[in-house]
Amino acid sequence: MSKNMSAKGGSASGGKNKVRAIFIGTPDFATPSLKVMIDDKQFDIVAVVTQPDKKVGRKQIITPPPIKALAEKNVIPVLQPEKISDIEFEILNLKPDLIIVIAYAQVVPENILNIPKYGVINIHGSLLPKYRGASCIQAAILNGDKKTGITIMKMDKGLDTGSILAQSEIDILKTDTAGSLYKKLSELGAEFLASTLKKYINGKIKPDPQDDSLANYVGLLKKQDGKIDWNKTAVEIERFICAMYPWPGAFASLNIKNKKLNIKILAAESESLSINKYKIGELFLDNNKLAVQCGKDSLVIKKLQLEGKKEIDSEEFLRGYKNFVGKILD
RNA sequence: CGCGGGGUAGAGCAGUUGGCAGCUCGCCAGGCCCAUAACCUGGAGGUCGUCGGUUCGAAUCCGACCCCCGCAA
């Protein structure tokens with residue numbers, strides 16, 4: 001009998017009326033999902049809430065969040081409060097049946113969570129209850145997980161503690177970085193969002209509470225968190241570099257001509273050594289390739305960037321900076 | 001006027017007590033070799049970011065501007 005319901009478009013509970021939804025989100029991560037929701041005839045996005053326009057870049061140009069541009073293109077009203085609680089009244093007046101929150105960068109207070117009858121739905125970039133918190137994508141790479149994924153959940157007042165509606169897994173490839181996974185997961189989330197919401201609204205999904213005993217939290221990354229610890233093994237550092245790419249970027253520092261120079265390592269590959277004969281952090285040539293001695297084994301550097309310089313391949317780097325070989329990275 | 005680094009051959013860099021523009025790699029030609037991304041010989045390729053100033057003479061000193069990048073946000 002459930003087959004009949006879905007064949008009719010799953011509109012048993014909503015009749016001919018569309019589901020009134022408010023979409024809350026800010027960065028690129030949320031745009032594929034917003035696009036899907038706009039295109040789906042069964043939902044009516046009555047408003048989009050996003051962060052205020054912020055100054056961006058060296059020139060400090062005031063730039064609207066990506067979500068705002070997409071909303072305006074589709075003639076959807078945009079709200080940009082400093083704090084979401086400032087617009088509680090407006091949200092109430094919009095009479096949403098559903099609110100979707102994706103990467104908004106603010107905690108949604110309980111008052112607002114209680115407004116829509118279907119609750120507030122969130123997409124999180126990990127397989128909850130693993131990696132609750134801000135740097136969930138990076139954490140999966142850092143820990144060497146084989147898989148990660150997205151979780152669609154019904155938000156409650158805790159941080160990423162809501163009951164789960166659906167999850168979808170994805171393999172973490174050796175070549176994946178936080179940047180590449182970010183993109184894949186944002187698309188994966190969008191792919192499952194509309195169908196999951198429909199099933200949920202039609203009562204075909206019962207939210208499944210998380211097992212808190214398996215939960216762990218990962219905090220927001222800071223620039224300084226990108227500093228490489230060369231005492232770790234090459235394999236760990238390789239994962240670290242992928243996890244920190246593109247932000248905050250994995251870097252090492254080097255004293256050169258009495259100045260401290262930061263070097264970003266953008267891509268590298270671990271390589272096992274038969275003898276670990278160099279000092280930890282020392283740059284050396286291995287088969288004419290630039291490598292660094294780690295706590296165990298070595299890391300062959302593929303791509304790097306000096307302060308004030310563009311990113312370059314290590315082969316090009318060596319042509320101009322031959323004298324860096326033998327120096328020790330801090 | 002947020003702080004800082006930089007623009008020199010196709011690529012990455014050196015060259016600032018002003019005095020013929022260099023290195024590594026790549027490219028082209030030839031040579032060696034069973035052979036080669038190895039080696040040897042020769043060669044092409046630059047208005048030294050732009051404009052102006054100082055000077056007998058500026059990549060180098062002075063001024064203005066353009067562009068790239070790191071930090072901070």
Side-chain angles (χ1 to χ4, degrees), chain A residues 25-31 49-69 78 80-84 86 103-107 133-135 137-138 177-180 182 218-230 237 240-269 271 281-292 298-330:
Chain A
T26 304
D28 284 325
F29 190 77
T31 52
V49 180
T50 191
Q51 296 283 344
D53 295 0
K54 280 195 309 186
K55 294 178 191 171
V56 164
R58 238 185 315 271
K59 290 282 160 61
Q60 296 290 283
I61 297 166
I62 295 185
T63 310
I67 280 294
K68 182 183 179 182
V78 176
Q80 297 179 279
E82 281 297 328
K83 289 190 314 190
I84 182 111
D86 294 344
Y104 176 54
Q106 275 188 43
V107 176
S135 57
I137 297 175
Q138 290 88 340
T177 63
S180 69
Y182 181 91
V218 288
L220 192 63
L221 288 171
K222 296 187 293 284
K223 188 73 192 176
Q224 195 56 31
D225 293 328
K227 174 122 184 173
I228 296 170
D229 178 0
W230 296 107
I237 296 173
F240 180 80
I241 290 168
C242 290
M244 294 301 134
Y245 186 88
W247 200 91
F251 67 92
S253 61
L254 179 62
N255 282 316
I256 200 100
K257 291 175 186 168
N258 300 323
K259 273 185 169 177
K260 211 177 98 180
L261 187 68
N262 279 338
I263 302 175
K264 264 190 202 170
I265 312 291
L266 298 161
E269 205 170 285
E271 202 167 75
E282 182 170 352
L283 285 164
F284 64 96
L285 287 180
D286 181 42
N287 267 332
N288 283 326
K289 286 181 289 190
L290 186 65
V292 192
S298 75
L299 202 64
V300 174
I301 296 175
K302 298 273 164 103
K303 202 176 275 189
L304 72 165
Q305 181 175 26
L306 263 55
E307 269 181 73
K309 293 296 205 176
K310 294 183 189 177
E311 59 173 87
I312 53 174
D313 292 340
S314 54
E315 291 86 15
E316 293 176 348
F317 174 82
L318 282 172
R319 275 175 218 144
Y321 293 95
K322 294 183 288 288
N323 55 339
F324 272 49
V325 174
K327 299 219 183 291
I328 296 180
L329 297 173
D330 180 22

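Just so you know, these numbers use all the heavy atoms, side chains as well, and skip hydrogens, waters and symmetry mates. Residue numbering restarts at 1 for every chain, and letters A, B, ... go by the order of the sequence lines. Everything numeric here is computed off the predicted structure, so don't read it as measured data.
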**Q** Using only atom types and a distance under 3.5 Å, with no angle test, would you say the side chain of A:E307 pairs donor to acceptor with the backbone of A:N262?
**A**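 Checked: pair present.
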**Q** Write down the distance separating the C1' atoms in B:G19 and B:C33, rounded off to the nearest Å.
**A**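 Their C1' atoms lie roughly 47 Å apart.
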**Q** Considering only the P atoms, how many Å lie between B:G43 and B:C48, rounded to the nearest integer?
**A**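 The same atom, P, in both gives a distance of 23 Å.
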**Q** Could you list all N or O pairs between the protein and nucleotides 4-6 of chain B that sit under 3.5 Å apart?
**A**
unit_1	atom_1	unit_2	atom_2	d
B:G5	N2	A:G308	O	2.8
B:G5	N3	A:G308	O	3.4

**Q** Strictly below 4.0 Å: does A:K260 bring a side-chain N or O up to OP1 or OP2 of B:C71?
**A**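 Answer no for this pair, as no side-chain N or O of A:K260 is under 4.0 Å from OP1 or OP2.
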**Q** Restricting to non-hydrogen atoms, name the atom on A:G25 and the atom on A:A30 that form the minimum distance, rounded to 0.1 Å.
**A**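 Taking A:G25 first and A:A30 second, the nearest heavy atoms are CA-CB, 4.4 Å.
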**Q** Write down the distance between CD1 (A:I312) and C1' (B:A11), rounded to a whole number of angstrom.
**A**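 It is 9 Å, rounded to the nearest whole Å.
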**Q** Tell which nucleotide pairs with B:G18, taking only Watson-Crick or G-U wobble pairs whose two distances are both under 3.5 angstrom.
**A**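 Base partner found: none.
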**Q** On a whole-Å scale, what distance lies between the C1' atoms belonging to B:U41 and B:C32?
**A**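 Their C1' atoms lie roughly 11 Å apart.
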**Q** Considering Watson-Crick and G-U wobble pairs with both distances under 3.5 Å, what does B:C71 pair with?
**A**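 Checking every strand shown, B:C71 finds its partner in B:G2, with both distances under 3.5 Å.
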**Q** Taking it one step at a time, do A:W230 and A:I328 satisfy side-chain contact (heavy atoms from CB on, under 4.5 Å)?
**A** CA-CA 10 Å; A:W230 296 107; A:I328 296 180; over 6 Å; no
**Q** Mind checking A:K223 for me? I need base, sugar-phosphate or nothing, with any heavy atom below 4.0 Å counting as a touch.
**A**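 The residue A:K223 makes sugar-phosphate contact but no base contact.
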**Q** Report the distance from atom CG of A:L290 to atom P of B:G12, rounded to the nearest whole Å.
**A**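 That distance rounds to 17 Å.
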**Q** Which heavy atom of A:Y104 sits nearest a heavy atom of A:V49, and at what distance?
**A**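 For A:Y104 and A:V49, the tightest heavy-atom pair comes out as OH-CG1, 3.9 Å.
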**Q** How many whole angstroms separate atom CZ of A:F317 from atom P of B:A14?
**A**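 Interatomic distance, CZ of A:F317 to P of B:A14: 11 Å.
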**Q** Can you pull out the residues from residues 320-330 of chain A that lie within a 4.0 Å heavy-atom distance of RNA chain B?
**A**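 Result for residues 320-330 of chain A: A:G320, A:Y321, A:K322, sorted by number.
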**Q** Could you please name the partner base of B:C65, counting Watson-Crick and G-U wobble pairs only when both distances are under 3.5 Å?
**A**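 Check on B:C65: paired to B:G49, both distances under 3.5 Å.
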**Q** Could you give the CG-to-P distance, from A:L304 to B:G70, as a whole number of Å?
**A**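 Atom-to-atom, A:L304 to B:G70, this comes out as 13 Å.
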**Q** With A:D229, which residues qualify under side-chain hydrogen bond (donor to acceptor under 3.5 Å, both in side chains), at least two apart?
**A**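 Result, side-chain hydrogen bond (donor to acceptor under 3.5 Å, both in side chains) vs A:D229: A:N231.
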**Q** Sticking with atom P, work out how far B:A21 lies from B:G46, rounded to a whole angstrom.
**A**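 It works out to 14 Å between them.
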**Q** For the C1' atoms, the ones on B:A37 and on B:G26, what distance do you get once it is rounded to whole angstrom?
**A**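 Pairwise C1' distance, B:A37 against B:G26, rounds to 12 Å.
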**Q** Quick check: are there more than 12 heavy atoms from other residues, nucleotides or ligands sitting under 6.0 Å from NZ of A:K223?
**A**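 It does: A:K223 NZ has more than 12 such atoms within range.
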**Q** Quantified in whole Å, what is the C1' atom distance between nucleotide B:U16 and nucleotide B:G6?
**A**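 After rounding to an integer number of Å, I get 15 Å for this pair.
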**Q** Please report the distance, rounded to the nearest Å, between CG in A:D313 and P in B:C25.
**A**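 A:D313 atom CG is separated from B:C25 atom P by 17 Å.
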**Q** With both distances kept under 3.5 Å, what pairs with B:C34, Watson-Crick or G-U wobble?
**A**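 In the structure as shown, B:C34 has no Watson-Crick or wobble partner.
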**Q** Does A:E311 reach the main-chain N or O of A:L266 with its side chain, forming a donor-acceptor pair under 3.5 Å?
**A**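 No: the side chain of A:E311 does not pair with the backbone of A:L266.
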**Q** Send over the distance from A:N287 CG to B:A38 C1', rounded to a whole Å.
**A**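 Roughly 14 Å, once rounded to whole Å.
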**Q** Pair A:L318, A:V325 - check side-chain contact (heavy atoms from CB on, under 4.5 Å), show working.
**A** CA-CA 9 Å; A:L318 282 172; A:V325 174; 4.0 Å; yes
**Q** More 5' along RNA chain B: A:E316 or A:Q224, using each one's nearest nucleotide?
**A**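 The residue mapped nearer the 5' terminus is A:E316.
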**Q** Between B:C27 and B:U36, how far apart are the P atoms? Round to whole Å, please.
**A**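 Rounded to whole Å, the distance is 15 Å.
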**Q** Under 3.5 Å for both donor-acceptor distances, Watson-Crick or wobble: does B:U60 have a partner, and if so which one?
**A**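 Its partner: none found.
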**Q** Would one find more than 12 heavy atoms of other residues, nucleotides or ligands at under 6.0 Å from atom NZ of A:K303?
**A**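 Counting neighbours around NZ of A:K303, 12 or fewer heavy atoms of other residues, nucleotides or ligands fall under 6.0 Å, so no.
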**Q** Could you let me know what B:G42 is paired to, Watson-Crick or G-U wobble, both distances under 3.5 Å, or none if it's on its own?
**A**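 Pairing partner, where one exists within any strand: B:C28.
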**Q** Kindly indicate, with the supporting measurements, whether the criterion side-chain contact (heavy atoms from CB on, under 4.5 Å) is fulfilled by A:D53 and A:Q80.
**A** CA-CA 8 Å; A:D53 295 0; A:Q80 297 179 279; 2.8 Å; yes
**Q** Is the CG atom of A:D86 crowded by more than 12 outside heavy atoms at less than 6.0 Å?
**A**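 Yes - once you tally the heavy atoms of other residues, nucleotides and ligands closer than 6.0 Å, there are more than 12.
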**Q** Taking any heavy-atom pair under 4.0 Å as a contact, classify A:Q305: base, sugar-phosphate, or nothing.
**A**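 Sugar-phosphate contact only.
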**Q** Sequence neighbours excluded, which residues qualify as salt bridge (charged side-chain N to carboxylate O under 4.0 Å, His left out) partners of A:K302?
**A**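 Listed in chain order: A:E269.
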**Q** Of all of residues 240-252 of chain A, which get a heavy atom below 4.0 angstrom from RNA chain B, listed by number?
**A**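 The stretch gives none, as no residue of it lies under 4.0 Å from the strand.
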**Q** Round to the nearest Å and state the distance from A:R319 atom CZ to B:G10 atom P.
**A**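 These atoms are roughly 14 Å apart.
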**Q** Just how far, in rounded Å, is P of B:C13 from CG of A:L306?
**A**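 In whole Å, B:C13 P and A:L306 CG are 8 Å from each other.
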**Q** Over all heavy atoms of both residues, which pair between A:I263 and A:L254 is shortest? Give the atoms and the distance, please.
**A**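 Closest heavy-atom pair between A:I263 and A:L254: CD1-CD2, 3.9 Å.
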**Q** Using the C1' atom on both, measure B:U55 against B:C61 and round to a whole Å.
**A**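 To the nearest whole Å, 10 Å.
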**Q** Return the set of residues passing ring-ring contact (aromatic ring centres under 6.0 Å, His included) with A:F324 (not counting sequence neighbours), or none when no residue passes.
**A**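 Partners of A:F324 by the ring-ring contact (aromatic ring centres under 6.0 Å, His included) criterion, ordered by chain and then number, come out as A:F317, A:Y321.
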